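The structure under discussion appears below in the form of structure tokens.
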Amino acid sequence: MLEEIAPGLLGRHKPEEKKLPPLPNAEPGKVVTRLPPEPSGYMHIGHAMSGILNYLYAKMYDGKLWLRFEDTNPRKVRLEYYESFRKGYRWFGIEWDYEKSNSEDLDLYYDYARELIRMGLAYVCSCNKEEMSRGRFMMVECAHRQQPVELNLSLWKEMLSGDLEEGSAVLRLKGDMTSKNTAMRDPTLFRIIHHPHPLVGDKYTVWPTYDIAAAIEDAVCGITHVLRSSEFALRDELQNYIRSLLGLRSPVFVEYSRFEFKGTPLAKREIRRLIEQGIVSGWDDPRLATVEGIRRRGLLPEAIREFTVSQTGLTYTKRVYAWELLYAVNRRMLDPVARRYFFVPDPILVEVEGAPELRAELPYHPSEPLGKRLVQTGSRFYVPRKDVQKLKEGSMLRLKHLFNVVLRELADDLVRATFVSREVVEGVPIVQWVTEDHVRVEVLVPDVIYLDDGQLNPESLKTVHGIGEKACAEIKPGERVQFERFGFCIRDDASALSFIFIHT
RNA sequence: GCCCCGGUGGUGUAGCCCGGUCAAGCAUGCGGGCCUUUCGAGCCCACGACCCGAGUUCGAAUCUCGGCCGGGGCACCA
């Protein structure tokens with residue numbers, strides 16, 4: 001997979017695993033980690049980086065990796081997202097050993113629930129939401145907590161029957177209503193949801209909450225190390241407690257802070273809003289940090305991997321990454337494999353008097369053996385207007401790989417020049433050029449969506465129109481190239497010659 | 001409001017657990033130079049940080065306390 005996308009890169013950038021700090025209590029061959037996506041939205045770079053960490057640690061310790069869909073809220077989960085995550089993980093070169101969905105295990109959860117009720121550790125509560133949250137806030141138990149086991153068992157049965165309305169009853173854990181950790185204050189374990197699930201349909205109406213499902217699954221899957229972001233920190237105590245009641249083993253938790261990329265939203269709701277408002281085109285908009293977005297944007301999965309390992313610590317501080325840090329890694333990987341092409345933005349015609357007609361051989365790369373193309377030249381060339389505007393009449397200019405000319409006449413639409421010499425003359429500015437045999441090219445230039453002050457960036461997506469040498473037409477969709485003196489770009493669309501600017 | 005957790009150059013990190021070897025390493029960025037038939041790459045040089053205060057100590061980025069700032073949590077979401 002990776003070899004296909006970025007041939008030759010793997011060998012050169014192997015040491016990534018070595019740079020990860022050691023995992024606590026990790027025994028080689030016995031480590032089991034997991035990818036726990038909720039299939040309720042498109043995968044983004046945060047899922048990816050977390051997945052990379054889990055994958056690399058499993059690999060580093062010669063362990064195993066689970067892909068486990070946390071799909072216990074049928075109202076949020078949608079079928080298309082399962083595959084979106086599988087595809088996304090694969091794109092990053094993450095291979096997992098086992099796969100399951102929590103929704104497969106409802107009967108198992110029910111068994112454990114009955115067990116908890118029997119032991120007098122859980123009760124059916126029919127308080128409404130406000131009462132429950134008030135009770136939690138005030139640290140007071142409600143009357144249902146004192147119900148006898150027999151009653152709880154029959155109420156639980158009633159819940160499972162499917163006859164109860166949503167919100168009328170939940171199963172709660174007897175935790176500690178006076179705990180400082182609010183998650184411990186008799187949390188809800190199961191609730192009633194009358195909504196079809198994309199995988200199991202209408203079979204179940206009683207669904208576990210995150211904590212009970214994760215507590216059981218992490219144990220059942222034999223997870224030894226949970227690497228996750230810190231918003232779950234308060235759940236550790238709860239999940240461990242549940243497992244201790246059930247006689248299950250708990251994993252080691254390694255938590256790190258959440259992060260974001262500067263000026264780029266990651267939250268599902270926010271992205272959805274931007275799409276609805278027409279500010280971005282969709283989930284694959286190149287300005288977004290969704291997997292589809294960064295793929296279109298031309299960022300290499302290998303670069304994200306290396307970035308994750310090298311620029312990411314297991315820190316607790318909130319991080320705001322500058323995109324430049326990622327670009328630097330990406331550029332380093334792209335530079336040796338990206339062919340160079342001539343693209344002239346905002347072109348101006350140059351007529352060169354006395355120009356020799358040449359069949360020029362232009363190398364696709366200044367130092368790597370990436371081949372060359374032949375270009376037949378005459379006396380008419382197009383060069384970037386901006387480069388010519390910097391010059392005065394009488395100054396010299398070199399058409400890269402061809403010859404030097406001297407500018408005679410600078411008009412708005414035409415530059416008249418005269419051929420001077422073939423050999424390189426030091427100090428003469430060099431520009432890229434295209435002949436009359438060229439193709440129209442447009443380049444989308446993405447930038448951050450939000451400015452530093454939080455306002456929308458009015459120039460978050462610019463379009464640069466220009467012309468490219470004929471060979472540009474052969475660039476395959478998804479291929480990354482460098483337009484010389486312009487920047488690295490990726491061919492976006494199969495039908496038009498449309499590119500997306502990656503970085504300089 | 002309450003409860004957790006953090007604060008190292010512009011940015012991301014290493015170091016902090018086990019105080020000295022840290023007048024703080026790396027990457028990126030910015031500035032300058034070299035090289036290069038790209039404003040890319042490469043090479044070299046330079047710039048730039050331990051949130052504040054008190055305490056412990058011969059000695060604190062590292063330990064303690066207080067403050068300030070930031071993040072997270074307080075769901076029948078995950």
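Below, all heavy atoms of this structure are taken into account, side chains as well, without hydrogens, waters or symmetry copies. Treat the numbers as computed from the prediction; the structure is a model and nothing was measured. Throughout, protein chains are lettered first and strands after them, A, B, ... in sequence-line order, and every chain is numbered starting at 1.
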In whole Å, measure the gap between the P atoms of B:C43 and B:G29 for me.
13 Å
If I pick the C1' atom on B:U8 and the same atom on B:A23, what distance separates them, to the nearest angstrom?
15 Å
Select base, sugar-phosphate, or nothing to describe what [X] touches, counting heavy atoms under 4.0 Å on all strands.
| X | value |
| --- | --- |
| A:Arg185 | nothing |
| A:Arg75 | nothing |
| A:Lys180 | sugar-phosphate |
| A:Pro37 | nothing |
| A:Val320 | sugar-phosphate |
| A:Gln482 | base |
| A:Tyr327 | nothing |
| A:Thr72 | sugar-phosphate |
| A:Ala233 | nothing |

Can you tell me how far P of B:C3 sits from CE of A:Met184, to the nearest Å?
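Checked: the CE to P distance equals 18 Å.
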Between CG of A:Leu334 and C1' of B:U38 the distance, given in whole Å, is 15 Å
As its Watson-Crick or G-U partner within any shown strand, both distances under 3.5 Å, B:C47 has B:G29
Any strand counts, and the cut-off is 3.5 Å on both contacts for Watson-Crick or G-U wobble. Which nucleotide pairs with B:C58?
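B:G20 - that is the nucleotide pairing with B:C58, both distances being under 3.5 Å.
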If only side-chain N and O atoms count, and only distance matters, is there a donor-acceptor pair under 3.5 Å linking [Y] with [X]?
| X | Y | answer |
| --- | --- | --- |
| A:His365 | A:Arg340 | yes |
| A:Ser101 | A:Tyr82 | no |
| A:Arg331 | A:Thr504 | yes |

For A:Phe190, the option from A:Trp207, A:Tyr112, A:Trp156, A:Tyr123 that meets ring pair (Phe, Tyr, Trp, His ring centres under 6.0 Å)
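Per the ring pair (Phe, Tyr, Trp, His ring centres under 6.0 Å) rule, the option paired with A:Phe190 is A:Trp156, out of A:Trp207, A:Tyr112, A:Trp156, A:Tyr123.
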Quick one: does A:Gln311 reach the base of B:U28 with a side-chain donor-acceptor pair under 3.5 Å?
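Not at all, since no donor on one side and acceptor on the other fall under 3.5 Å apart.
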A:Phe307 or A:Thr504, whichever maps to the more 5' nucleotide of RNA chain B:
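The residue mapped nearer the 5' terminus is A:Phe307.
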